[in-house]
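Not measured: the values here are computed from a predicted model.
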Amino acid sequence: METVGAMGIDAKQGQTAATKTEEFRTASVADWEKASAKTAPGGDINNLNWTTPDGITVKPLYTAEDTQDLPYTNTLPGFEPYIRGPQSTMYAGRPWTIRQYAGFSTAEESNAFYRKALAAGGQGVSVAFDLATHRGYDSDHPRVTGDVGKAGVAIDSVEDMKILFDQIPLDKVSVSMTMNGAVLPVLAGYVVAAEEQGVSQDKLSGTIQNDILKEFMVRNTYIYPPKPSMRIIGDIIEYTSNHMPKFNSISISGYHMQEAGANQALEMAFTLADGKEYVKTAIAKGMDVDAFAGRLSFFWAVGMNFYLEIAKMRAARLLWCRIMKGFNAKNPKSLMLRTHSQTSGWSLTEQDPYNNVVRTTIEAMAAVFGGTQSLHTNALDEAIALPTEFSARIARNTQLIIQEETHITNVIDPWAGSYMMEKLTQDMADKAWAIIEEVDAMGGMTAAVDSGWAKLKIEAAAAEKQARIDSGKEVIVGVNKYKLAKEDAVDILEIDNVKVRESQIARLNSIKQQRDAAKVQQALDALTAAAESGEGNLLDLSIKAIRLRATVGEVSDALEKVFGRHRADTQKVTGVYAAAYDSADGWEKLKGEINAAAEQLGRRPRVMIAKLGQDGHDRGAKVVATAFADLGFDVDMGPLFQTPEECARQAIENDVHAVGVSTLAAGHKTLVPAIIEELKKQGADDIIVFVGGVVPAQDYDFLFQSGVKGVYGPGTPIPASAKDVLENIKKAASL
């Protein structure tokens, strides 16, 4: 049988292509430039360059000249500076760990999901907690009526934690917990649940996120101010180093920074700067750097910027090695950056949602090529709700297919030696290092966070990105290009918030009736005293309180008596959205309409952007506030964590025309009708209410029937929502 192609032709001549000698004319870069100018836009090859959101210029062609002066192109995996991976054999020796990050309303439902996932190929458990737990409130607290069991599992005590891990052997299964604010009672609950399962602390493996500085910048599930929060981190690092040698005491997280809008260089720089701060905190407690640094881990977001994500992960290992050498770390494990990664939730779209399977696959490939140690792949429906069992299986199988079918795992760092990737790795490292030096000049990341500078940098990046999408400069398939004429409904998982809350309260009451109340109070008083004196280890004392059946809320309150509860300043960037958008059609026309309405109203249309309940994810709220202000609205920002009553009062006091509720955590069916009812109660039903964010299409009619005037789901261009809000304001004023 005759073969085809060039090899077949050579075979007929009795000679293979490999042995045949031919003369080829070697083209120069100048030759390529001359040829390329004929087809380049405008006849200029510089128009083929791509400037990333990080400010890095990516060329269409790289050659050996781009890498000849780079210092780290001949390194090996498992050796300093670890660009090619922290382990010498990487996936050729052992693939990354497949994780499923999930929490479903109750501990019983979450436990069932984890056990199914482990049986189907999952290799670790990653726990998502509800927002009430994150913020240190028990389920019976009046501030969390709309949050219990939403966007994660409700945990009030060790009894919930025992159910969560029932029949999951904690000496064999590693557990990752995304917890920062209520980190002490939650970690203590895990330790005590393991003890009562018969597993000692030294056998536990996994990771607690415990990354509070990031919370003050983006995610906002903090409880206490920065200074006492840093003490808590130091105590956890100290305790786990002494008692839990297999457990990672902190996962320094860039994930939520990118989800909040940071570009890759900003995410990497701020995350590594956070890491520096935590190392300094532990050293200040008298610890030797090599006693704890080997148990530090990192957590990256991996989005659709494929090349930059790979370069980011390679560059981050280089810079962390440099940082740890600055602390005189000697143990190689102290110099290695090990990381968990998760595909982007923000890149998922409500529109044409099956496209999300492709997006997640591409992002998973970038994480693997970048050298992650564990990976969670998001499900296709997570733009609108918690994943169903069907969508979670597809997400998990995405990783299994990459591991089992592609043979990608057989080669360590296949991008090594690529002219483009080696240069881009160095460019990313240089860009991030410049930001780290800027942070150092401020006195470190705590100072950068305290000043609000770090948060505003991320918010500016988020506003700029949204403007590029809304104006069509950045394409999102199915959202601003190649849109479907009609969207089919997608089955989603819906949580009965009222039912979950009632069951949690019943269990809380039962626990309180059966425990020794005097001993619990004694343990809580010891925590308060330790917070006040600065003596003692707060995790050790929390474990003692949790053993006695103290609750998450009670442990948090015991510390809040001394530390207080942090209140964030509400700031917003200005001009960034307009600068990135205003070349698009319709911008000036819409500004003119808003100016005309201001003339008719006798003042500028005034809106209040609100976050209700314990949902601290404020990217959408901040971007909308920035864009509306750039268009000419007067904009008020409500503080985070408002109740409907507090929001209504502020809206009336500020004499706004409209309240916009930003929702990302599924509390809209409880909290939005409550704000409308409160406005009526307080005699202000002329203030219109609109809703934006993660709202399933199935819920739109419910919200409209509740009195909402506009609902703007994921992918809605902000100028379109602004025009609709303006028309509703004019209609309410009968203009």
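Remark: side-chain polar atoms of Asp130 are paired, donor with acceptor, to backbone N or O of Gly149 under 3.5 angstrom. Here the side chain of Glu389 pairs no donor or acceptor atom with the backbone of Lys116 at under 3.5 angstrom. Judged by distance alone, with hydrogens and angles left aside, the side-chain atoms of Asn180 form a donor-acceptor pair with the main-chain N or O of Asp211 at under 3.5 Å. At distances below 3.5 Å, at least one donor-acceptor pair connects side-chain atoms of Glu382 with backbone N or O atoms of Ala379. Using a distance-only test at 3.5 Å, with no hydrogens or angles considered, no donor-acceptor pair links the side chain of Gln87 to the main chain of Pro77. Asn480 places a side-chain N or O within 3.5 Å of a backbone atom of Glu474 that can act as its donor or acceptor partner. Proximity of a side-chain donor or acceptor of Thr343 to a complementary backbone N or O of Ala364 within less than 3.5 Å is not detected. Using modelled atom types, one side-chain atom of Asn356 and one backbone atom of Pro353 make a donor-acceptor pair closer than 3.5 Å. Checked by atom type and distance alone, the side chain of Asp66 pairs as donor or acceptor with a backbone atom of Thr63 at under 3.5 Å. At least one donor-acceptor pair closer than 3.5 Å links the side chain of Thr377 to the backbone N or O of Ala395.
No more than 12 heavy atoms of other residues, nucleotides or ligands shown are found within 6.0 angstrom of OH on Tyr419. Applying the 6.0 Å contact sphere to NZ of Lys59 captures more than 12 heavy atoms from other residues, nucleotides or ligands. With a 6.0 Å radius and a threshold of 12 heavy atoms from other residues, nucleotides or ligands, Asn74 has its CG atom at or below the threshold. Within a 6.0 Å sphere centred on OH of Tyr482, heavy atoms belonging to other residues, nucleotides or ligands number 12 at most. Heavy-atom neighbours of Tyr307 OH from other residues, nucleotides or ligands within 6.0 Å: at or below the threshold of 12.
Using modelled atom types, one finds no donor on one side chain facing an acceptor on the other under 3.5 Å when comparing Ser126 with His376. Defined by atom type and a distance below 3.5 Å, a donor-acceptor pair is missing between the side-chain atoms of Glu404 and Gln399. Asn263 and Glu267 share no donor-acceptor pair across their side chains, judged by distance under 3.5 Å alone. Between the side chains of Thr207 and Arg295, no donor N or O sits under 3.5 Å from an acceptor N or O. Side chains of Ser297 and Arg338: no donor on one and acceptor on the other come within 3.5 Å. Neither side chain, Arg94 nor Thr409, offers a donor N or O lying under 3.5 Å from an acceptor on the other. With no hydrogens or angles considered, no side-chain donor-acceptor pair links Thr339 and Gln373 at under 3.5 Å. Between the side chains of Asp381 and Ser391, at least one donor-acceptor pair of N or O atoms lies under 3.5 Å. Side-chain atoms of Gln209 and Lys214 include a donor-acceptor pair closer than 3.5 Å.
In this structure, Lys162 is not positioned above the aromatic face of Phe165 in the sense of NZ or CZ being under 6.0 Å from the six-membered ring centre and within 45° of the axis.
A distance of 6.5 Å separates CD1 of Ile310 from CZ of Phe369, quoted to the nearest 0.5 Å. To the nearest 0.5 Å, the span separating CG on Asp615 from OG1 on Thr221 amounts to 10.5 Å. Note that OG1 of Thr67 and CE of Met421 are 13.5 Å apart. Values are rounded to the nearest 0.5 Å. The CG atom of Asp470 lies 11.5 Å from the NZ atom of Lys465; values are rounded to the nearest 0.5 Å. Interatomic distance, Ile323 CD1 to Leu318 CG, rounded to the nearest 0.5 Å: 9.5 Å. In this structure, OH on Tyr72 lies 10.5 Å from CD on Glu80, to the nearest 0.5 angstrom.
When all heavy atoms of Ala315 and Met428 are compared, the closest pair comes out as CB-CB, 4.1 Å. Minimum heavy-atom separation, Ala432 to Ala269: O-CB, 3.5 Å. The shortest heavy-atom contact between Val368 and Ile402 is CG2-CG2, 4.5 Å. Summarising the geometry of Gln403 relative to Pro95, their closest heavy-atom pair is NE2-CB, 3.4 Å, with the distance given to 0.1 Å. Shortest non-hydrogen contact noted between Val173 and Val125 is CG1-CG2, 3.9 Å. Here the shortest heavy-atom pairing between Met313 and Val302 reads SD-CG2, 4.4 Å.
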Using the rule given for side chain to side chain contact (heavy atoms under 4.5 Å, CB included), can you reason through Leu308 versus Asp54, listing the C-alpha separation, both sets of side-chain angles and the distance that settles it, and then say yes or no? CA-CA 9 Å; Leu308 260 65; Asp54 317 69; 3.0 Å; yes

Between Thr73 and Glu422, does the side-chain hydrogen bond (donor to acceptor under 3.5 Å, both in side chains) criterion hold? Intermediate values first, please. CA-CA 7 Å; Thr73 54; Glu422 296 291 11; over 6 Å; no

I would like to know whether Lys423 and Asp427 meet salt bridge (charged side-chain N to carboxylate O under 4.0 Å, His left out); could you show each step before the answer? CA-CA 6 Å; Lys423 180 65 166 65; Asp427 288 345; 2.8 Å; yes

Let's go through Thr663 and Val694 carefully: what are the C-alpha distance in whole Å and the side-chain angles of both, what is the deciding distance for side chain to side chain contact (heavy atoms under 4.5 Å, CB included) to 0.1 Å, and is it a yes or a no? CA-CA 6 Å; Thr663 177; Val694 179; 5.9 Å; no

Show, in sequence, the C-alpha distance, side-chain angles and deciding distance for Glu363 and Ser344, and conclude whether the side-chain hydrogen bond (donor to acceptor under 3.5 Å, both in side chains) test is met. CA-CA 8 Å; Glu363 291 167 349; Ser344 174; 4.6 Å; no

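Side-chain atoms of Leu272 and Leu337, non-hydrogen and from C-beta on, do get closer than 4.5 Å to each other. Using a 4.5 Å cut-off on side-chain heavy atoms (C-beta onward), Phe299 and Thr372 make no contact. Counting only heavy atoms from C-beta outward, the side chains of Met304 and Glu309 never approach each other to under 4.5 Å. At least one side-chain heavy atom of Leu48 sits less than 4.5 Å from a side-chain heavy atom of Pro41. A heavy-atom distance below 4.5 Å is found between the side chains of Arg115 and Gln167. Contact check for Arg99 versus Ser174: side-chain heavy atoms found under the 4.5 Å cut-off. Contact of the Met257 side chain with the Thr271 side chain is registered, since non-hydrogen atoms from C-beta on lie closer than 4.5 Å. Considering only heavy atoms from C-beta on, Ile208 stays 4.5 Å or farther from Ile250 through its side chain.
Taking the six-membered ring for Trp and the full ring otherwise, the centers of Trp300 and Tyr255 sit at least 6.0 Å from each other. The six-membered or imidazole ring of Phe247 lies near that of Tyr190, with a centre-to-centre distance under 6.0 Å. Checked against a 6.0 Å centroid threshold, the rings of Phe298 and Trp320 count as neighbours.
Under a 4.0 Å N-O distance rule, the pair Asp413/Arg84 qualifies as a salt bridge. Using a 4.0 Å cut-off between charged nitrogen and carboxylate oxygen, Glu464 and Arg468 count as a salt-bridge pair. With salt bridges taken as basic N to acidic carboxylate O contacts below 4.0 Å, none links Asp352 and Lys483. Electrostatic pairing of Glu259 and Arg619 does not count as a salt bridge here, judged by no charged N lying under 4.0 Å from a carboxylate O.
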